[in-house]
Colleague: 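Let me give you the structure first, and then I'll get to my questions.
Chain letters run A, B, ... following the sequence lines, proteins first, then strands; residues in each count from 1.
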Amino acid sequence: MSEFELLDPGAPMGGAFGSGDASVDPLLDGLNPAQERAVIARGPALLIVAGAGSGKTRVLTHRIAHLIREKEAWPSQILAITFTNKAAAEMRERISGLLGAASEGMWVSTFHSACVRILRREAERFGYVAGFTIYDSADSRALLKRIIKELDADTYGFTPANSGSKISKLKNELTDVDAYAATAAVGDPRERLFIEIFRMYEQELRRANAFDFDDLIGQTVHLFRAHPDVAAVYQRRFRHILVDEYQDTNHAQYSLIRELTRPVATAEVERLVPPARERELDGLGQIPGASLTVVGDSDQSIYAFRGADIRNIVEFERDFVGAEVVKLEQNYRSTQNILTAANAVIGNNFDRQEKNLWTSEGDGAKIVGFTGYSQHDEARFVAEEIEDLHREGFDYNDIAVFYRTNSQTRALEELLIRAAIPYRVLGGTKFYERAEVKDAMAYLTSIANPYDPIAWSRLLGAPKRGIGPMAEAQLANFQEAQGISLHEAMLRCDELAFGPKVRGSILGLAELLTRASKMAVGGGATDVTAAPGEDAEEKTPAPVGDLLKLILDETEMIEKLRAKRDPQDDARAENLEELIAVAREFDVKQPGAGLLAFLTEVSLVAAADDLDDSSGTVSLMTMHTAKGLEYRAVFITGVEEGLIPHQMSVDEVGGVNEERRLMYVGITRARERLYITLASTRATFGDISVAMPSRFLQEIPEGLIDWRQSPGEVTSRGGTASRALNASARPGAGYASRGSRSTESAVSFGSNSSGAAAVSEPASGNMQSALDQWRERKRAAKAAQAAGGGFPNTIGAGARDNGDLELTAGDRLRHDDYGEGRVTSVTGAGTKRIAHVVFDSVGERKLLVKLAPITKLD
DNA sequence: ACCCATGTTCTTTTT
DNA sequence: GAACATGGGT
């Protein structure tokens, strides 16, 4: 049986009727002519212009499967680049759904992961070690902070943030310090200072054996250019390179693709080991360049701020001679109303090629608009509509709420909690950014890379052990002078004049690191709780979970946190326990992968990566994160001037156009229902300011929007009505329909108690990932906080806790927002007890008994 | 060296 | 309204 034989594709799109018919090719069946052309096209270069929702993922996966099935490539000869790990995983899954095991060995990953893989293999060429650290933005900032302080550059207005972003920009353009210095105006002292910062930053990175995010791409390009033999290996290996979201590639990424698709240099062909075989060569005795497929949509380019260059896609045909172009314009995702709105908005960008999305599926529902008096009011509308959608049969999974800035989540979360709607915030993957988690991770980083001063300085002070800045500086100086690792410097601290207490601390810590390092390489865990079942197998590296456990046990970080009185520290302790669980999960998922793989994975998680399609929760995310995703129902919130388009972008050249594309991306995520909401006042930073409707709103044809409350209605009332006022100001018709629907829902909730399930931990029957549990707790904590009246740090304003408030059907109660109502039933148990209440004015609501702002009336 | 309290500065989007 | 920096007290 050939390895290439097509396995039964199961039921991917149209397989249902394709199975009996031998003439139907399952890889082409159900594709429209343009899609089919994109799948079967061959040649050196292909540009697929894929409008939103035009089935590009399907085209890409089918194209790859087709290449393999037609024996034009082995899986190992394919490199597919996606934007997020999640997209990569999905693509891998879909290809293996088409091909089965025959798809193994492909590289499907993000730019960053692919580059890390290459760099780890070739690190020695750079004077780096394979265990190099990847600095995230926080690490880079920490390093820059030191440098700026040392150079007293803050007096010139340099901050870690502004110098960091300038360095990042330069790196994305593949401009190194020397190149920059050569072009800079040397007369300008500020410029000279910046060059100094840049230079030191690069030096420190190298000394730390660390790369920042931008280096991952840039250094790989540099590696290929400086070492043609290395480049030759990858140029020869990858025969087909496919890049998704090509409109968002920056110059460095573009250059990487260029390097990879070059023909193998003639000089290198002879040096290849193993030697090139006859069939690899073309007529000239060369190994031709890889075939390149890029997919993108210039209307969805939203990352110019981080160096994405739209010209990469616009000039593709000029760039890659012989390129074929396929346009996918038929949309399979959204209703015509949604597409018309999207087309209308994006049509205002004058600097684009004309393109119109269309569907054959019909108009669908109108877009729903709502203007709240405040973002609180807006959020309440969102929560209510989500409940309605849910009753209508939408899964929480099917629903997403978008916003421009992360800070907009606050009000939304609060209201979703009150409404007992399960949700998840994407992208604030704040877990790994928490101080205690970073502290623990610093130990692991330092074990993998004992030259990393950022990690090292972090672990010295966590937990407090009497080693302060003074001792740290002495050790660092000693380390630098001796040219040894930081770990070694600690072991030799006898050579420095430390007091006995400090000395003891340092040696104790050094000893722990020694032990952990041995364990990490598989030296054997001696006196600690050795992993049971592993008998003296010398080379087996310890599971990451065990390593972390050793560190947390020995440093007593968790115990020390628990010993404190502050309840916040309890949460921190739990986060650390969660981190162990995350590590153990990793050990199970990728046994034997090792510490480095764990660290890499943690460094490169993207916002959209924690999306879990089976979580049963509403997803909240920025519009940037939403790119590439789709939902049956989408809420775009905060559609106001200053927010979208964002104030910061208005003065930038092309800024508003990019914001408009962002709006376009948001709109085109919706399949069936689209809600556009805004508030007439918004509390930004303490006080309240008046917000104007976004100009993009006016670009949507009026007839497409069904205004539940239009901006006009709200401003005519004077803008700053209280919540109590607006609660009764809502149109009566809305309540009537709401009320009738809620009657049905009360029945269904009562009979199958799905209402309770919705509030309890998502998917309570299933295995829950460690991170999910963390999020769940965080949510509960937030709920407690929200219910407490929003004074989290004020003494005496402890979280509201109705505790064991007895409620039974028939009781009357008063709610702070909804007024008086009657309990119809109580479901759930313990802290998840839910009261179903019919309020006199607003109809039925589900309330978390423990937290809702309610008082029982008698 | 550590802890706590009081000011101060922000807020675009992210691998 | 929160993270962070700074400065005084122990």
Colleague: Between A:Met470 and A:Glu652, name the one whose nearest nucleotide on DNA chain B is closer to the 5' end.
Modeller: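 In this pair, the answer is A:Met470.
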Colleague: In whole angstrom, give me the gap between the P atoms of B:dT13 and C:dC4.
Modeller: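 Taking atom P in both B:dT13 and C:dC4, they lie 15 Å apart.
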Colleague: Quick check on B:dT15: is either OP1 or OP2 less than 4.0 Å from any side-chain nitrogen or oxygen of A:Thr84?
Modeller: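 Checking A:Thr84 against B:dT15: no side-chain N or O falls below 4.0 Å of OP1 or OP2.
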Colleague: To the nearest Å, give me how far apart NZ (A:Lys145) and P (C:dA3) are.
Modeller: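 Spelled out: NZ on A:Lys145 to P on C:dA3 is 15 Å.
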Colleague: Would you classify A:Arg465 as touching base, sugar-phosphate or nothing, given that sugar-phosphate means primed atoms plus P, OP1 and OP2, and contacts are heavy atoms under 4.0 Å?
Modeller: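 Sugar-phosphate, no base atom in range.
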Colleague: With a 4.0 Å cut-off, would you call A:Arg380 and A:Glu414 a salt bridge?
Modeller: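 The answer is no: the pair does not qualify as a salt bridge.
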Colleague: When you check the gap from the basic side-chain N to the acidic O, do A:Asp212 and A:Lys171 get nearer than 4.0 Å?
Modeller: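 Looking at A:Lys171 together with A:Asp212, the answer is yes, because their closest N to O distance falls below 4.0 Å.
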Colleague: So, A:Arg146 and A:Glu472, do they make that salt bridge, N to O below 4.0 Å?
Modeller: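 Between A:Glu472 and A:Arg146 there is a salt bridge, with a charged N closer than 4.0 Å to a carboxylate O.
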Colleague: Taking the minimum atom-to-atom distance to the side chain of A:Arg410, which one of B:dT11, C:dA2, B:dT13 wins?
Modeller: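 Comparing B:dT11, C:dA2, B:dT13 against the side chain of A:Arg410, the answer is C:dA2.
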Colleague: Under 4.0 Å between a side-chain N/O of A:Ser137 and OP1 or OP2 of B:dT14, yes or no?
Modeller: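 A:Ser137 to B:dT14 OP1/OP2: no side-chain N or O under 4.0 Å.
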Colleague: Stacking between A:Phe305 and the base of B:dT13 (centre distance under 5.5 Å, interplanar angle under 30°)?
Modeller: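 Yes, the aromatic ring of A:Phe305 stacks with the base.
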Colleague: B:dT15 C1' sits how many Å from A:Ile302 CD1, rounded?
Modeller: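 After rounding, the gap between these two atoms is 13 Å.
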Colleague: Calculate the interatomic distance between A:Asp244 atom CG and B:dT15 atom C1'; express it in whole Å.
Modeller: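 Spelled out: CG on A:Asp244 to C1' on B:dT15 is 15 Å.
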Colleague: For a quick check of understanding: with a heavy-atom distance under 4.0 Å over all strands, which category does A:Lys627 fall into, base, sugar-phosphate or nothing?
Modeller: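 Result for A:Lys627 = nothing.
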Colleague: Closer than 4.0 Å, any side-chain N/O of A:Asn406 to the OP1 or OP2 of B:dT14?
Modeller: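 So the side-chain polar atoms of A:Asn406 do come within 4.0 Å of the phosphate oxygens OP1 or OP2 of B:dT14, strictly under.
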Colleague: Name the nucleic acid region contacted by A:Tyr303, choosing base, sugar-phosphate or nothing; use a 4.0 angstrom heavy-atom cut-off, strictly under.
Modeller: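 If one applies the 4.0 Å heavy-atom cut-off, A:Tyr303 turns out to touch the sugar-phosphate alone, with no base involved.
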Colleague: Output the single nucleotide from B:dC2, B:dT14, B:dT11 whose closest atom is nearest the side chain of A:Lys464.
Modeller: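 That would be B:dC2.
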Colleague: If you assign each of A:Ser407 and A:Ser603 to its closest nucleotide in DNA chain B, which residue comes earlier from the 5' end?
Modeller: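 It is A:Ser407 whose nearest nucleotide is closer to the 5' end.
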Colleague: Using a strict 4.0 Å threshold on nitrogen-to-oxygen distance, state whether A:Lys438 and A:Asp139 make a salt bridge.
Modeller: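 Salt bridge present between A:Lys438 and A:Asp139.
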Colleague: Does this structure show an ion pair linking A:Glu559 with A:Arg562, if we count only N-O contacts that are shorter than 4.0 Å?
Modeller: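 Result for this pair is no, no salt bridge flagged.
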Colleague: Starting from C1' on C:dT6, measure out to NZ on A:Lys149 and report it in whole angstrom.
Modeller: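 Going from A:Lys149 (NZ) to C:dT6 (C1'), I get 11 Å.
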Colleague: Any idea which of B:dA1, B:dT11, B:dT14 is nearest the A:Met648 side chain?
Modeller: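 Closest nucleotide among those given: B:dT11.
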Colleague: Quickly work out the A:Ile467 CD1 to B:dA1 P distance and round it to whole Å.
Modeller: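 The answer, rounded to whole Å, is 9 Å.
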Colleague: By a 5.5 angstrom centroid cut-off and a 30 degree plane limit, is there stacking between A:His646 and B:dT12?
Modeller: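 Answer is yes, a stack.
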Colleague: Ignoring hydrogens and angles, are the base of B:dT15 and the side chain of A:His112 linked by a donor-acceptor pair under 3.5 Å?
Modeller: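 Indeed there is one.
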